[in-house]
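Working notes, beginning with the structure itself.
The first residue in the sequence is number 1, and the count goes up from there. Counting convention: from 1, in listed order, for ligands and their atoms alike.
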Amino acid sequence: MSKYLITGGAGFIGSNLVEKIVSQGDDVVIVDNLSMGKLENIIHFSKKHVSFYKEDITNFNFMEKLLVSENFDYIVLLGAVASVANSVQDPQKTHLINQEANLNIYEIIRKNNLKIKKLLFASSAAVYGDEPTLPKSEESVIRPLTPYAIDKFASEKYALAYGKLYNIPTVATRFFNVYGPKQNPESQYSGVLSIIKDRLVSDEVFTMYGDGNQTRDFTYIDDVIEAMLILLHDHNVKWDVYNVATGKSTSLNEIIKTFEKVANKNLKIKYEAKRQGDIEKSQADVNKIREKVGFNTKISLEEGLKRYYGRKQD
Ligand code: UD2
């Protein structure tokens, strides 16, 4: 049996990861301040296998005591202000959470010589910025344009360099547009598919920013969880960064058509101007994760949308 620490474990990706780990018989400790995550995402887990601390990852003393006393096998860093817009409004505060809190965890591991099996830092396709060449491989030009992207890139680089310098097994992932159950549709900056699902269910109007021809590499949560577990458990994987995505790009117009077919209703759409700084096209090159660990996504867009829509409550 292994023990995992998951920061941000009450959030969208975190709570789905916890569910999978618990189903495999392992134990999880979640640290989440519920600023973006929700208690209802994790309340149903057995207390025997999942412990929850409602804490800020910026509480350095708390994190140190926890890491030193628990002897984690695996550490997954998902805790963040996962909003580019918030990082633009409040760069210093989000920097503390999105970068310094992670550096603090690397430091705790180093200073206390903790023997972990793997640490995974969750980075983002945001690090590629607006350089137009597609698809984005891990070697593509990096052009982080917002505090969010800069902090993600720095935390990622720290994870990998720390790993190498101090012999700590670390890995980083760059997620593209992940969607699926438990994604919170409450903000206008939530994942677009969580918003579209919400509008389809409630028959409310969806606001399209731009003409809908913008493309994204939409990746279903179960594929993302599988990739994370492979990267955590493969001993040959360390000190490296991997795109986690499908390698395909789909426009908003196309995905809305598929979603309407799955839901068997039409989405009401109103059009507004394109968002400032919106990236027109996004697509991952997934050769590295395919070649190094044999990972391929399995869930087509239609299948992912079916699974997602089937779970009306989340
Ligand atoms: C994703 C990440 C973001 C950052 C960025 C880096 C999510 C939720 N966001 O932003 O954190 O990493 O990638 O490039 O994964 N849209 C609408 N109507 C809406 C909401 C969105 O038209 O109500 C459009 C939006 O303008 C954009 C597209 O849908 O063109 C996708 O938006 P998004 O916020 O889901 O994701 P993205 O790629 O902008």
Distances only, to 0.1 Å: what are the N or O pairs between ligand 1 and the protein that fall under 3.5 Å?
| from | atom 1 | to | atom 2 | distance (Å) |
| --- | --- | --- | --- | --- |
| ligand 1 | 12 (O) | S124 | OG | 3.0 |
| ligand 1 | 18 (N) | T207 | O | 2.7 |
| ligand 1 | 22 (O) | Y209 | N | 2.8 |
| ligand 1 | 30 (O) | Q214 | NE2 | 2.9 |
| ligand 1 | 30 (O) | R216 | NH2 | 3.3 |
| ligand 1 | 30 (O) | D278 | OD1 | 3.1 |
| ligand 1 | 30 (O) | D278 | OD2 | 2.7 |
| ligand 1 | 35 (O) | V192 | N | 2.7 |
| ligand 1 | 36 (O) | N177 | ND2 | 3.1 |
| ligand 1 | 38 (O) | N177 | ND2 | 2.9 |
| ligand 1 | 38 (O) | R216 | NE | 2.5 |
| ligand 1 | 39 (O) | R216 | NH2 | 3.4 |

Exactly one candidate in I116, I75, L119, D73 meets side-chain contact (heavy atoms from CB on, under 4.5 Å) with L5; the answer is I75
Is there a donor-acceptor contact under 3.5 Å from the side chain of K268 to the main chain of D203? yes
- So, is the end of the K288 side chain (NZ or CZ) under 6.0 Å from the ring centre of Y242 and within 45° of the ring's axis? yes
| said: Is it the case that the ring center of Y106 lies less than 6.0 angstrom away from the ring center of F121? | reply: no
query = Going by an N to O cut-off under 4.0 Å, is there a salt bridge joining K3 and E70?
reply = yes
Ring pair (Phe, Tyr, Trp, His ring centres under 6.0 Å) filter on F176, not counting sequence neighbours, yields none
